[in-house]
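Working notes for the structure below.
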Amino acid sequence: MGRLLLYAHAAAVQGLAVVAVAGTLVVSGDQTVGGVAVGRGTLAQATARFGAPTSASAEGGGVTCKVTWRPLGLTMSFLDFANHACRDGGLVIATMTSRAHWRTSHGLRVGDAVTRLRALYPHARLHADGYWLVVRQSCQEVGAQLYPGLLARVGAGRVRALVVTAGVCE
């Protein structure tokens, strides 16, 4: 709780709105990240849930918007092909790097040992980018390829990040 109070004080000094996020935030498969819907959630909804981000930047002429909440260990990317991603984009990728704030609905946290990951997700398979915890298949129009809807990046035998990716054709 001490870090949240320090963040709240620093944000208040900078004139930023702060929303106190109580307890641990849950990543529910590849469907929701802390209550924000993957594929449909907007930056406005994420800001209402997590408070003012510490950084936000439009990229690719506004097609994508990358937003970070550093105290929560959360980065989200929003996409809008009409070049208004920070205003109208839908959540396409979320990366969580904080053990203190995030866990999956199965109980996996950043920092957990790979042995715990394997116990919680016995069907997970290791790929070059990490363990695929939830496997999805893109639609026929884009090649029907398998991809990780929920990925656990690992290093030195531990989970380093959780990454959620929206379906391409959803």
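Scope of the values below: all heavy atoms of this structure, side chains included, with no hydrogens, waters or symmetry mates.
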| query | Does any non-hydrogen side-chain atom of F78 lie less than 4.5 Å from one of K66? | reply | no
| field | Polar side-chain atom of T104 near backbone of L108 as donor-acceptor pair, under 3.5 Å | value | yes
| said: Minimum heavy-atom separation for L117 and A124, please, with both atom names. | reply: CD2-CB, 4.3 Å
| message | Given 3.5 Å as the limit, does a donor-acceptor pair link the side chain of T54 with the main chain of T68, or not? | response | yes
| said: Would you compute the distance between atom CG of L133 and atom CZ of R125 and round it to the nearest 0.5 angstrom? | reply: 11.5 Å
| field | Test: D30 and R136 ion pair at under 4.0 Å | value | yes
| said: For the CZ atom on R160, are there more than 12 heavy atoms of other groups (residues, nucleotides or ligands in this structure) within a distance under 6.0 Å? | reply: yes
| Can you name the residues that form a side-chain contact (heavy atoms from CB on, under 4.5 Å) with D88, not counting sequence neighbours? | D80, H84
| request: Look at the aromatic rings of H127 and W132 and report parallel, tilted or perpendicular, splitting at 30° and 60°. | output: parallel
| request: Taking the side chain as every heavy atom from C-beta outward, state whether T47 and P53 have any atom pair closer than 4.5 Å. | output: yes
| request: Looking only at non-hydrogen atoms, find the nearest pair between R49 and L25 and report the distance. | output: NH2-CD2, 3.2 Å
| said: Please determine whether side-chain contact (heavy atoms from CB on, under 4.5 Å) holds for the pair W69 and M76, giving the CA-CA distance in whole Å, both sets of side-chain angles, and the decisive distance to 0.1 Å. | reply: CA-CA 9 Å; W69 288 265; M76 291 181 153; 3.8 Å; yes
| request: Could you list the residues that satisfy salt bridge (charged side-chain N to carboxylate O under 4.0 Å, His left out) with R99, not counting sequence neighbours? | output: D112
| remark: Of all heavy-atom pairs linking A85 and V63, the shortest is CB-O, 3.1 Å
| field | Test applied, side-chain contact (heavy atoms from CB on, under 4.5 Å); reference residue, W102; option that passes from V26, V33, T24 | value | V33
| request: Using the test side-chain hydrogen bond (donor to acceptor under 3.5 Å, both in side chains), find all partners of R103 that sit at least two apart in sequence or belong to another chain. | output: none
